[in-house]
Amino acid sequence: MFQLLDGKATAIEIKNRIANEVRQYTQQGLRAPHLAAILVGDDGASQTYVANKEKSSHEVGFTSSVYRYAEGTSERQLLETIDFLNHDEEVDGFIVQLPLPGHIDEQHIINAINPKKDVDGFTPVNLGNMMLGEDCFVPATPKGICTLLRHYEIETEGRHCVVIGRSNIVGTPVANLLSRKGFDCTVTLCHSRTQHLSALTRQADILVVAMGKPEFVTADMVKEGAVVVDVGIHRVADASRKSGFRLLGDVKHDEVDERCSWVTPVPGGVGPLTIVSLLENTLQAYKRTMAL
Ligand code: GUN
């Protein structure tokens, strides 16, 4: 029987801890931490992510703001807003929701963020410090995965961890973090050009799937007793649901779960931990600003 790496329950616990800490500060008369977001265009998934971030911010006692721009907005406009947020002393951290429209150079935008406020951990300074094992903001999804593995005391030392997906946001940083001291995994990073993918994934004691294809990982790709972390989240049309859609991960759970020792559900697995990690990073930025 498999057990669930319950992101939702873990996130509630961590949010309670953050809320208690924030209450202590505000009761002393300090201002609350503030998380801002820049959102460009009308992408449904991005709107949902940002709405969830705002809701969670308020649940733990943060204040928040969202700077919304039309799809056609210019790079210059975004750079101006970033410059404003970089200098606003009431803003502890902010994120630029990705993806950005095609006419905007994403890395150029990210590079403009003050690393001290880069609570997504996407700037070269934070990613570089993460690689070096120095103090930094760790990107939210990889940090959330690490938190979940720690929370459930998953044995990682010397284990073979196979990561599918090499994005800057998830695959590349999580591969780095799990190979470091503390986790001590032996990591294989697979991607769209990897040969004999199934032969590699079948060797995984821990399989992290972050490649963005609904139900890509099937039972034949998973070793009996593996720990499977599913980072994917996709809306697929489903007329039988009131919402008109259901959520699928990158893993075909109806056949994979029974092979696992531990598995993250979708939804309620990695997603809630991503948001909580962003809150943790924002609290860290706030404490640094307020010299706490
Ligand atoms: N798009 C998908 N995931 C993320 C994330 O963690 N941060 C931002 N800014 N955009 C995203």
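Each ligand, and each atom within it, is numbered from 1 in the order the structure gives. Heads up: numbering here begins at 1 and tracks the sequence.
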Quick one: list whatever passes side chain to side chain donor-acceptor pair (under 3.5 Å) with Arg180, sequence neighbours left out.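 So Arg180 forms no side chain to side chain donor-acceptor pair (under 3.5 Å) with any residue.
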Between Glu59 and Lys15 (side chain of the first, backbone of the second, donor and acceptor by atom type, cut-off under 3.5 Å), is there such a pair?
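No, because the side chain of Glu59 does not come within donor-acceptor range (under 3.5 Å) of the backbone of Lys15.
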- Message: Using the salt bridge (charged side-chain N to carboxylate O under 4.0 Å, His left out) criterion, which residues pair with Lys8? Sequence neighbours excluded.
- Response: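 Applying salt bridge (charged side-chain N to carboxylate O under 4.0 Å, His left out) to Lys8 gives none.
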query: Can you name the residues that form a salt bridge (charged side-chain N to carboxylate O under 4.0 Å, His left out) with Arg150, not counting sequence neighbours?
result: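 Partners of Arg150 under the salt bridge (charged side-chain N to carboxylate O under 4.0 Å, His left out) test: none.
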Could you go through ligand 1 and note, for every N or O atom, any protein N or O atom closer than 3.5 angstrom, writing the atom names and distance to 0.1 Å, or 'none'?
{"from": "ligand 1", "atom 1": "1 (N)", "to": "Gln97", "atom 2": "NE2", "distance (Å)": "3.2"}
{"from": "ligand 1", "atom 1": "1 (N)", "to": "Leu98", "atom 2": "O", "distance (Å)": "2.9"}
{"from": "ligand 1", "atom 1": "7 (N)", "to": "Asp120", "atom 2": "OD1", "distance (Å)": "3.3"}
{"from": "ligand 1", "atom 1": "7 (N)", "to": "Asp120", "atom 2": "OD2", "distance (Å)": "3.1"}
{"from": "ligand 1", "atom 1": "9 (N)", "to": "Val96", "atom 2": "O", "distance (Å)": "2.8"}
{"from": "ligand 1", "atom 1": "9 (N)", "to": "Asp120", "atom 2": "OD2", "distance (Å)": "2.6"}
{"from": "ligand 1", "atom 1": "10 (N)", "to": "Gln97", "atom 2": "NE2", "distance (Å)": "3.3"}
{"from": "ligand 1", "atom 1": "10 (N)", "to": "Leu98", "atom 2": "N", "distance (Å)": "3.0"}

Taking the ring of Tyr286 and the ring of Phe62, is the distance between their centroids below 6.0 Å?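 Between Phe62 and Tyr286, the centre distance exceeds or equals 6.0 Å.
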Next on the checklist: Please evaluate residues Trp262 and Tyr152 with respect to the criterion ring pair (Phe, Tyr, Trp, His ring centres under 6.0 Å), reporting the C-alpha separation (whole Å), side-chain torsions for both, the decisive distance (0.1 Å), and the verdict.
Outcome noted: CA-CA 9 Å; Trp262 293 88; Tyr152 285 94; 5.3 Å; yes
